[in-house]
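The structure's right below; bear with me while I get my questions together.
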Amino acid sequence: MSLIHALLVIDDDVVRRMGALVRHLCVGMIDEAVQVTVLSRSASPWTSEGVGVTKTAAIPRRRWPWNRPSSDDVLRVVGGQVPDIVHCMSADLADWVHGWCADWGSVLVVQLCDLDDVEQFVGLRSEARMMGMALTPSLERALLMRAPEMREQVRVVTPGLPAESTAAGMEDGEQTPTAIMTAPLTRGCGLSTVLRALRLVVKEGLEVHLFVLSGGPAEGRFRREVEDLDLRSRVTFAEPMRDWATTYKAMMAADFFINPGGASRFTITTLAALAGGLIVLAPAGGFEDYLVDGVNASLFEPQRHKQLAERWIALLKDRAAARKMAEAALEYARTHLQASAMVNRTAALYRQLSQAQPADAHAADRAV
């Protein structure tokens, strides 16, 4: 099997939202005859640390677009090897690098994690050969509804993270249950829905404490809302953690993970909650197809705080059922969301694309 050279392109935003996913992708490729070089659009020393790789070539973002490097300049930065595959972990990054791919004759793979990525990918005009890699079938369908002519330019590769040995949710039936939320605190982040639901939980006479592990421009507004709802003793605002390892450790100390549904960009936190065996409360109708209502998560209609409260109250009243859901989340992650499977399918897609000639690239077999 010939060695494939892949250039994985990241930036600070990618590291913040899904650095652990990138790390497992890089580490797993060692066993797949794929040599990965990481290129970062950042001068931050934390970027390479955030994905856990020892060497990251960097092009500071401040140089772009006013002094964008040529493809030859970039090639020197990454060590001189022309990549077979350039894998951008967001469509925004693909918009920056597609010209280099055309110069090199490399295949551009674009990670499609949410609707922002889909819209940018559909609008990208490039001479480079391109392939979108959707995290879920729902995102693939969203792309094809927007641009049905791109049917041969998208594949689904489900994400994966290592699963814990035991589920965290309701492991200790004697302690006061805790819930954690990590969404950035913007005006439409959904925390108001969570707080109003929590107020109904408290009125039901149930014990639970919410930790808001994030910050943002609307933090002051939400702190006032906590006061207005008389929830000060039930809610703790904490600063966002500096790195993913610390964030994940905090998540694993909780019982419930709440995705309020207001963020537009994908993060790996809900995926990590499943892999850790937390009890997931999340909005229905999203693009995270791995959330199965009543099986590994409890879903509610977006912005329906009463429905969220009903789901939450039912699980707090029936701790055995809550524990069963936590264990089901962990088992689902072990079975369907393995990091090794994500790496294998990504490497298979790399091989398929690098072996296809430009003329028949889009006619390649869809099975990866």
Side-chain angles (χ1 to χ4, degrees), residues 2-11 13-14 17-18 21-26 28-29 32-41 51 53 57 71 74 78 81-114 116-137 139-140 142-144 147 150-160 266 339 341-358 360-368:
S2 60
L3 183 67
I4 293 174
H5 296 275
L7 183 65
L8 193 69
V9 187
I10 63 172
D11 61 7
D13 177 63
V14 164
R17 294 189 292 112
M18 49 184 172
L21 208 65
V22 178
R23 178 168 65 252
H24 290 295
L25 197 58
C26 290
M29 286 298 175
E32 292 288 344
V34 177
Q35 182 175 308
V36 177
T37 301
V38 178
L39 175 65
S40 170
R41 187 176 68 174
V51 297
V53 294
S71 55
V74 176
V78 300
Q81 174 65 53
V82 173
D84 302 296
I85 304 291
V86 176
H87 186 168
C88 291
M89 293 303 295
S90 73
D92 178 59
L93 289 167
D95 189 48
W96 287 109
V97 310
H98 70 88
W100 305 335
C101 296
D103 290 346
W104 296 331
S106 306
V107 182
L108 175 60
V109 174
V110 184
Q111 196 78 40
L112 306 178
C113 298
D114 50 41
D116 284 16
D117 285 329
V118 167
E119 288 299 318
Q120 280 196 273
F121 182 61
V122 169
L124 184 60
R125 298 292 178 264
S126 176
E127 295 179 5
R129 290 166 51 202
M130 298 192 304
M131 179 65 71
M133 199 169 89
L135 284 187
T136 64
L139 280 168
E140 181 187 40
L143 171 65
L144 295 180
M150 299 184 77
R151 180 168 298 278
E152 297 304 325
Q153 288 181 268
V154 61
R155 304 289 185 271
V156 176
V157 175
T158 305
F266 169 83
M342 172 188 67
V343 172
N344 292 343
R345 294 197 69 199
T346 301
L349 180 60
Y350 287 177
R351 286 192 289 270
Q352 175 189 326
L353 294 173
S354 63
Q355 291 167 5
Q357 296 300 313
D360 62 6
H362 297 323
D365 186 358
R366 288 182 63 83
V368 177

Margin query: Could you check whether any side-chain heavy atom of Met89 comes within less than 4.5 Å of a side-chain heavy atom of Leu8, counting everything from C-beta outward?
Written below: yes

Margin query: Using 0.5 Å steps for rounding, measure from the CD atom of Glu140 to the CZ atom of Arg151.
Written below: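 Nearest 0.5 Å value for the CD-CZ distance: 7.5 Å.
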
Next item on the list: Check side chain to side chain donor-acceptor pair (under 3.5 Å) between Asp114 and all other residues, then give those that pass, not counting sequence neighbours.
Entry: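 Once residues adjacent in sequence are excluded, the partners of Asp114 under the side chain to side chain donor-acceptor pair (under 3.5 Å) criterion are Arg265.
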
Check: Given side chains that start at C-beta, do those of Leu135 and Gln111 come closer than 4.5 Å, heavy atoms only?
Finding: yes

Next item on the list: Look only at the side chain of Arg129 and the backbone of Val107, and say whether a donor-acceptor pair between them is shorter than 3.5 Å.
Entry: no

Next item on the list: Check whether any side-chain heavy atom of Asp117 lies under 4.5 Å from a side-chain heavy atom of Val110, and answer yes or no.
Entry: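 They are not in contact (no side-chain heavy atoms under 4.5 Å apart), so the answer is no.
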
Item checked: CG-CZ distance between Asp84 and Arg351, expressed to the nearest 0.5 angstrom -> 12.5 Å

Next item on the list: Decide yes or no for Trp100 and Leu39: does some side-chain heavy atom of the first lie under 4.5 Å from some side-chain heavy atom of the second?
Entry: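 Yes; the side chains approach each other to less than 4.5 Å.
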
Checklist line | Inter-residue atom distance Met18.CE - Ile10.CD1, 0.5 Å rounding | finding: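 It is 10.0 Å, given to the nearest 0.5 Å.
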
Next item on the list: Check Ala134 against Val154 and note the closest heavy-atom contact, atom names and distance.
Entry: CB-CG2, 4.2 Å

Next item on the list: Could you pull out the closest heavy-atom pair between Met131 and Phe121, with the gap in Å?
Entry: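 Smallest heavy-atom distance, with atoms named: C-CZ, 4.0 Å.
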
Next item on the list: Please examine the side chains of His87 and Met133, heavy atoms only from C-beta on, and report whether any two atoms are closer than 4.5 Å.
Entry: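 A side-chain contact exists here, since the closest heavy-atom pair is under 4.5 Å.
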
Checklist line | Heavy-atom pair of closest approach, residues Val38 and Cys26 | finding: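 Between these two residues, the closest heavy atoms are CG2-SG, 3.9 Å.
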
Item checked: Residue list, side-chain contact (heavy atoms from CB on, under 4.5 Å) with Asp103, at least two apart or on another chain ->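 Applying side-chain contact (heavy atoms from CB on, under 4.5 Å) to Asp103 gives Ser71.
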
Note to self: Nearest 0.5 angstrom please: Leu353 CG to Ile85 CD1, how far?
What the structure shows: 5.0 Å

Next item on the list: Could you tell me which non-hydrogen atom of Ala102 sits nearest to which non-hydrogen atom of Ala128, and how far apart they are?
Entry: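 Smallest interatomic distance, heavy atoms only, reads N-CB, 3.8 Å.
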
Note to self: If the test is side-chain contact (heavy atoms from CB on, under 4.5 Å), which one of Met29, Glu32, His5 qualifies with Tyr350?
What the structure shows: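 Among the candidates, only Met29 passes.
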
Margin query: Counting C-beta onward and ignoring hydrogens, is there a side-chain heavy-atom pair between Leu7 and Trp104 closer than 4.5 Å?
Written below: yes

Check: What are the two closest non-hydrogen atoms of Leu124 and His98, and how far apart are they?
Finding: CD1-CD2, 3.7 Å

Next item on the list: For the residue pair Cys88 and Val97, establish whether any side-chain heavy-atom pair is separated by less than 4.5 Å.
Entry: yes

Check: Passes side-chain contact (heavy atoms from CB on, under 4.5 Å), Gln35 versus Gln81? Steps please.
Finding: CA-CA 11 Å; Gln35 182 175 308; Gln81 174 65 53; 5.5 Å; no

Checklist line | Shortest non-hydrogen contact from His24 toward Met342 | finding: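 Minimum heavy-atom separation between His24 and Met342: CB-CE, 4.4 Å.
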
Item checked: Heavy-atom side-chain proximity of Ser90 to Asp13 below 4.5 angstrom -> no

Note to self: I'd like to know whether Thr136 forms a side-chain contact (heavy atoms from CB on, under 4.5 Å) with Thr158, so could you lay out the CA-CA distance, the side-chain angles of the two residues, the decisive distance to 0.1 Å, and finally the verdict.
What the structure shows: CA-CA 6 Å; Thr136 64; Thr158 305; 5.9 Å; no

Note to self: Please check: side-chain N/O of Arg345 versus main-chain N/O of Val156, any donor-acceptor pairing under 3.5 Å?
What the structure shows: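 Present.
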
